[in-house]
Each structure stands twice: as C-alpha cells, then as structure tokens.
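Here the structure is laid out as structure tokens; the discussion comes afterwards.
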Amino acid sequence: MQDYGPSAGKWDENINLLAIVILSRGKCDLSTCTTRYLVAMATADLLVIITQLILFRISYYYFPGSVLRITPVCSIISALIRASTDCSVWFTVTFSFDRFVAICCQKLKAKYCTEKSATVVLTTTCILLCLKNVPFYFTLEPGEIIDNVPWGCYPIPNYFTDPGWVGFDWFDAVLTPLLPFALILLLNSLTVRYILVASRVRKGLRGQNKGKNHSDPEMESRRKSVILLFAISGSFILLWSMYVIQFLYYIITGIGPGDYSDSEYIFRRVGLMLRNFSCCTNAFIYGVTQSKFREQVKCMVKYPVTSIMHLMNR
C-alpha cells in the first residue's frame, strides 16, 4: 500500500508553499511571534513532503534505478526524513507551549512571546533534532556493489540486536511521537482549565452572571487564539493516534512489523498514511479558522486576473 501518489505529494507541496508565502507576508492579523511559529511548522511540513514522499516514496516506486538509490544518498535522505518529521512534530509542541504561556502566564508572556524568542526556540530545536538524527545515516548498508558503487539501503544486521542501537531506537520513539503526544495533551488540558476558570471570574466581575450582556475584547481575542491552537494540536493528535497505537501494540506484543498479519499490516500502513497526511492539514486549518488568511488566499488567486485586466485596459 502506498502512502501517497505523485499527484497527492505535489498537491500537498503546493498547499504548504501557499501557506508559507501568505503567512510570511504578515497580513493575517496574527502576532509576529505566532506567525513565526506557523511559518516554521509549514516549512517543516513541506520538507517532510519533499523528503518522505518525493525523494523516497516516489523515487522508490517509479525510479528504482535513479541516483537516489545509491547508498550514501538514500542514507542522507533517511536522516533528513527523520529530522524533518521530528521538526514538524516538535514545532507543534513549541507552538502549543507558546500559546500556553500567552494565555495562562501573563507575567512571562511579555518576555517569552516575542519574535526573537520564537526564533531562538525554533532554531535551537531544529539544530538539536538534526544532530540527534545524524546516527540514522549509519544504520543502512548497501544491497549490492556495482562498479564500486554501493546501491540500495538496508538496515544493518545489528541494528535490531545491538544494545546501543536498540537503546537509540527507544530514545527516538519516545522523543517522537510519545513525548510530544503527552506534552500537547498536558498543555491543552492546562490551557482549557485556565480558560474555564478565567472565564467564570471575568463573567462574575462584568456582571454577566446577572443576565447582562457585555462584549469582552480580551476574551474574544483569547477565543480566536484557542481555536487556532486546538485545531492544530487536535489535528496532530488525531492523525498521529493510529501510529502511536500501532507502536504501543508492537511494544506490548513484541511482534515486529515484518511478522504482522494482513489486518495488522493494513493498520500500520494506514497509521503511516495519516501521519504523513498531518503534514498538509495545517494550511486547511489556517483557512478554516482565520478569516484574514482566507482573504489573502483570495487576493493571491485574483491577482493574476486583475493584473492581466489592468494591462489590457492600459
């Protein structure tokens, strides 16, 4: 079962490119800090699509003899796939933490929720995750040597038995996606709890518990921020759930993917498909939750037509 076809990968790539361009213009009525996180997430998602779907999946199925199948090249691609996936996941975590601070920690908000802080957090996270995935380059070996050129990428035999590699594999699995999964659930739970408490307090102070109706700009702004946060983190949790369940099933039963039955294999492949699909949902979320984003999309769609009409009128 293939996770995606070529047309789907190209479509996902275009969606993320569109999101990056629109968000980078800074006209979506979002703070510079939030914009920086959303652009980073869209960029990481785009890299996942390029490495996982275009460089690996499509080349494997449709161009088996290409230069991408040379062992050093596909080893680099394998490490890049891991790094881009980790960045996509952890940028979602850092965004969730940023929104948690912005909503629940008013004293820390002024210092942490800034464009400079977002840049430092995202850059540091990206560098650490890239360094963490360097060992994956050494987990593959060639299947054959042709004219002194190694071809194919196969796991080294001791990867599944050597205590060092087994420990590293566990560390990788905990880091992505088990720990992010738990952190996002925790942050969202704390955010919801804070909002419910703060909402009751503000309603009491403003007299809304007595039937009066007053507009509250702060609560409205907070509501929009929460909708965006929960839509992104909720989508991540939903689309990664099957992959996490499959991993836990593998841990509990001790049955490797190579020994799965047909139904277990299908469950695993669907989990992988949904995991990859999570890399193209954020742009749709921006469009659904952000009216300014939709306006910018319309402007970009209309721009070529209006430019042509303007030239014709001249």
Side-chain angles (χ1 to χ4, degrees), residues 3-4 9 12-21 23-24 33-57 74-100 115-137 139 168-169 171-185 187 228-229 231-240 243-244 247 271-286:
D3 295 338
Y4 279 103
D12 297 342
E13 180 183 356
N14 292 335
I15 291 174
N16 281 284
L17 279 173
L18 178 66
I20 292 171
V21 172
L23 291 169
S24 298
C33 177
T34 300
T35 300
R36 185 59 58 91
Y37 279 106
L38 296 182
V39 170
M41 291 162 62
T43 303
D45 290 345
L46 177 62
L47 290 176
V48 172
I49 293 169
I50 291 174
T51 55
Q52 170 76 359
L53 303 181
I54 298 177
L55 294 182
F56 179 70
R57 292 289 177 189
C74 63
S75 295
I76 293 175
I77 293 174
S78 176
L80 289 176
I81 289 172
R82 302 273 188 165
S84 58
T85 302
D86 284 355
C87 286
S88 177
V89 171
W90 278 95
F91 286 172
T92 304
V93 176
T94 56
F95 172 71
S96 299
F97 182 75
D98 176 82
R99 292 300 85 197
F100 167 76
E115 184 178 7
K116 180 179 179 180
S117 177
T119 302
V120 171
V121 170
L122 291 169
T123 302
T124 303
T125 302
C126 182
I127 292 174
L128 291 177
L129 291 174
C130 288
L131 291 175
K132 167 256 176 186
N133 285 287
V134 169
F136 280 107
Y137 176 87
T139 62
F168 177 75
D169 190 51
F171 170 72
D172 176 65
V174 170
L175 195 67
T176 304
L178 297 183
L179 182 58
F181 215 77
L183 287 175
I184 289 176
L185 287 174
L187 291 171
L228 178 61
L229 168 64
I232 291 176
S233 57
S235 171
F236 168 80
I237 291 173
L238 179 65
L239 294 174
W240 276 80
Y243 181 83
V244 172
F247 175 78
L272 289 171
M273 181 185 68
L274 292 177
R275 186 196 71 176
N276 292 335
F277 184 65
S278 69
C279 296
C280 66
T281 56
N282 285 343
F284 290 107
I285 291 173
Y286 305 151

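Predicted, not measured: the structure shown is a model, and the values here were computed from it.
One finds the CG atom of L17 at 5.0 Å from the CG atom of L46 (value rounded to the nearest 0.5 Å). Considering OG1 of T92 and CG of L187, their distance stands at 12.0 Å, rounded to 0.5 Å.
In this view, D169 satisfies the salt bridge (Lys or Arg N to Asp or Glu O under 4.0 Å) rule with no residue, not counting sequence neighbours. A search for side chain to side chain contact (heavy atoms under 4.5 Å, CB included) contacts involving V244 returns P177, L178, F181, L248, not counting sequence neighbours. Among residues two or more places apart in sequence or in another chain, the disulfide (SG to SG under 2.5 Å) test is passed with C74 by C153. Every side chain to side chain contact (heavy atoms under 4.5 Å, CB included) that R275 has, sequence neighbours left out, goes to Q52, W240, Y243, L272. A search for side chain to side chain donor-acceptor pair (under 3.5 Å) contacts involving S88 returns D45, not counting sequence neighbours. Listed by chain and number, the residues in a side chain to side chain donor-acceptor pair (under 3.5 Å) with T51 are S84 (sequence neighbours excluded). Listed by chain and number, the residues in a side chain to side chain contact (heavy atoms under 4.5 Å, CB included) with I76 are L80, Y137 (sequence neighbours excluded). For L183, the side chain to side chain contact (heavy atoms under 4.5 Å, CB included) partners two or more places apart in sequence, or in a different chain, are W90, V93, L179. For R99, the salt bridge (Lys or Arg N to Asp or Glu O under 4.0 Å) criterion is met by no residue, not counting sequence neighbours.
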Name the atoms and distances for all side-chain donor-acceptor pairs under 3.5 Å in residues 120-127, with sequence neighbours left out.
| from | atom 1 | to | atom 2 | distance (Å) |
| --- | --- | --- | --- | --- |
| T123 | OG1 | T119 | O | 2.7 |
| T124 | OG1 | V120 | O | 2.7 |
| T125 | OG1 | V121 | O | 2.7 |

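For residues 84-97, every residue pair satisfying the salt bridge (charged side-chain N to carboxylate O under 4.0 Å, His left out) rule, not counting sequence neighbours, is listed here: D86-K132.
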Verdict with supporting geometry, F95 and L229, side chain to side chain contact (heavy atoms under 4.5 Å, CB included): CA-CA 8 Å; F95 172 71; L229 168 64; 4.1 Å; yes
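Put simply, the side chain of F171 does not reach to within 4.5 Å of the side chain of V174, judged on heavy atoms.
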